[in-house]
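One-based numbering, in listed order, for ligands and for the atoms of each.
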Amino acid sequence: MNVLILGSGQLARMMALAGVPLGIEVSAVDVSNHKVVNPLDKKRLDIHLETAIEAADAISVEFEHIPEALLEQVNRSGKLMPSSESIAAGADRVKEKALLDKLNIANCPYVIVDDIAQLDQAVATLGETLIIKASRDGYDGYGQWRLSSKEQLPEIKQALAELDLKKVPLVVEKMLTFEREVSLVGARGKNGQLALYPLVENLHHQGQLHTCVAPAPAITPALTAQAQNIFTALVNELNYIGVLAVEFFQMGDTLLVNEIAPRVHNSGHWSMQGADTCQFENHLRAICELPLGSTEVIAPSVMLNVIGCDLPSKDMLSVARTHLHGYMKTPRAKRKMGHINITAHNYAELGESMQKLQKWLPNSYFPTLNSEALRLLQIK
Ligand code: ADP
Ligand code: MG
């Protein structure tokens with residue numbers, strides 16, 4: 001089978017790797033120039049986009065911010081999964097909020113702003129600690145501005161003055177104080193079959209995911225049921241096919257949806273070692289109409305992102321049950337270069353492995369490892 005992925009980054013690469021044993025050949029489209037490439041090495045393939053679309057059995061995305069004309073072109077083939085509406089719901093925060101509200105799914109209080117003067121009204125409605133998000137093209141904390149007091153309003157207005165808010169409105173949210181961030185990654189097949197991974201806990205630094213603990217410690221059955229009900233409502237409404245990720249803020253016994261991602265997700269990378277079937281394989285299975293694989297947890301896991309620096313020394317692999325996944329990229333600030341998956345028999349053992357790994361993982365690049373991650377694993 002042939003699968004074509006729009007986007008040629010690490011997610012396409014990991015889908016290609018997962019496809020190999022199944023005989024699923026994955027090629028990718030570099031969305032900046034529409035060239036078809038091998039996602040493993042990014043080398044250009046001798047095939048035009050039109051021919052690749054024709055030759056594909058299924059087409060999917062690794063990234064929701066696909067240029068409209070390209071998405072439209074691919075959509076016409078009838079092979080795009082998830083649907084263009086599902087991708088739009090993840091790409092456009094205004095559409096995302098409309099979907100959540102339509103389904104009565106709790107989310108952060110917000111106001112949509114398409115004129116800079118409306119920011120004063122937003123402060124009056126939501127209070128003066130706000131997070132202002134561009135409704136399109138934001139990721140990893142890009143396209144966001146934080147307001148912590150009214151005094152900063154003029155400065156923020158100046159920073160936003162260049163944006164065309166009529167074209168790309170802002171979603172202004174109340175800055176919430178939550179206990180923690182968790183996410184649910186799951187797949188839905190064409191026949192409606194569901195395969196859901198457990199809730200995982202996500203540690204962020206400067207708006208970017210750094211560490212993930214799977215399964216999330218101290219999750220009650222009620223929280224799992226809440227998350228799964230929300231996930232199911234979303235995929236049923238969208239008639240979704242493929243892997244979907246839902247990010248939540250936990251506030252007491254309630255989960256608020258932060259955002260959804262219509263694709264395989266960074267908070268599902270642990271499943272490569274920690275679950276019976278990884279998210280990449282399950283995405284391929286879903287879009288190729290194969291039975292979905294078990295999401296059973298094989299071992300508690302920690303996933304550490306390698307961000308902005310070279311990959312750590314491979315001597316690090318001497319720590320038992322540690323796996324390195326490099327993306328073959330050149331380092332740049334905030335750029336995801338790879339990730340490390342660690343599994344163990346229990347959380348305490350995971351904590352011990354993390355302590356051993358500190359030798360190779362400097363605090364400047366792994367800011368959540370020393371503090372939050374270790375605390376999380378020791379307490380539970
Ligand atoms: P991105 O698309 O960049 O992941 P998010 O909306 O998920 O954008 O925001 C990134 C991070 O910023 C979140 O994971 C969370 O840590 C923080 N954040 C976002 N919205 C809020 C909010 N309303 N209140 C508090 N923190 C928030
Ligand atoms: Mg996010």
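- For the residue pair Ser183 and His265, no side-chain donor N or O sits within less than 3.5 Å of a side-chain acceptor on the partner.
- With rounding to the nearest 0.5 Å, the separation of CZ in Arg76 from OG in Ser84 is 11.5 Å.
- Among protein heavy atoms, atom 9 (O) of ligand 1 sits closest to Gln144 NE2, 3.1 Å.
- Within ligand 1, the atoms closer than 4.0 Å to a non-hydrogen atom of Cys108 are 23 (N), numbered from 1 in the order shown.
- Taken to the nearest 0.5 Å, the SG atom of Cys212 stands 9.0 Å off from the CD atom of Glu201.
- Taking any N or O of Ile131, backbone or side chain, none lies under 3.5 Å from an N or O belonging to ligand 1.
- In this structure, Arg180 falls outside the shell of residues with a heavy atom less than 4.0 angstrom from ligand 1.
- The protein heavy-atom contact nearest to atom 6 (O) of ligand 1 is Lys133 NZ, 2.7 Å.
- Which of Glu96, His204, Glu181 comes nearest to atom 15 (C) of ligand 1 through a heavy atom is settled by distance: it is Glu181.
- Counting just the N/O/S atoms of Glu259, the one with the shortest distance to the Mg ion (ligand 2) is named OE2.
- Ring geometry for His269 versus Tyr327: interplanar angle over 60°, hence perpendicular rather than tilted (30 to 60°).
- With hydrogens and angles left out, the side-chain atoms of Arg188 and Asn239 include a donor and acceptor closer than 3.5 Å.
- Which parts of ligand 1 touch Glu247 is read off a 4.0 Å heavy-atom cut-off, strictly below it: atoms 7 (O).
- Heavy-atom distances between Gln208 and ligand 1 stay at or above 4.0 Å for every pair.
- Shortest contact from atom 24 (N) of ligand 1 to any protein heavy atom: Leu176 N, 2.9 Å.
- Looking only at protein heavy atoms, the nearest one to atom 3 (O) of ligand 1 is Gly141 N, 2.6 Å.
- At a threshold of 2.8 Å, the Mg ion (ligand 2) has a backbone or side-chain N, O or S atom of Glu247 nearer than that distance.
- Nearest non-hydrogen protein atom to atom 26 (N) of ligand 1 is Phe178 CE2, 3.5 Å.
- Contacts of Arg93 with ligand 1, taken as heavy-atom pairs under 4.0 Å, involve the side chain alone.
- Note: Gln208 CD to Asn202 CG = 12.5 Å, rounded to the nearest 0.5 Å.
- Looking at atom 4 (O) of ligand 1, its nearest protein heavy atom turns out to be Glu259 OE2, 2.9 Å.
- At a heavy-atom distance under 4.0 Å, only side-chain atoms of Arg146, from C-beta outward, approach ligand 1.
- The structure places OH of Tyr110 at 6.0 Å from CG of Asn107, a figure rounded to the nearest 0.5 Å.
- Interface of Met175 with ligand 1, defined as ligand atoms under 4.0 Å from a residue heavy atom, comprises 24 (N), 25 (C), 26 (N).
- Residues Arg13 and His325 bring no donor and acceptor atom of their side chains to less than 3.5 Å of each other.
- No hydrogens or angles considered: nothing links the side chains of Glu54 and His48 as a donor-acceptor pair under 3.5 Å.
- For the residue pair Gln152 and Ser148, a side-chain donor N or O sits within less than 3.5 Å of a side-chain acceptor on the partner.
- Atom CG of Leu209 sits about 7.0 Å away from atom OG1 of Thr211, to the nearest 0.5 Å.
- Contacts between Leu209 and ligand 1 below 4.0 angstrom, taking non-hydrogen atoms only, are absent altogether.
- At a 4.0 Å heavy-atom cut-off, ligand 1 touches Glu173 through the side chain alone.
- With hydrogens left out, the protein atom closest to atom 7 (O) of ligand 1 is Asn258 ND2, 2.7 Å, a heavy atom.
- Side-chain N/O atoms of Tyr197 and Asn282 include a donor and acceptor closer than 3.5 Å.
- Counting protein heavy atoms only, atom 10 (C) of ligand 1 is closest to Gly207 O, 3.7 Å.
- Using the six-membered ring where Trp is involved, Phe63 and His65 have ring planes that are perpendicular, over 60° apart on the 30 and 60° scheme.
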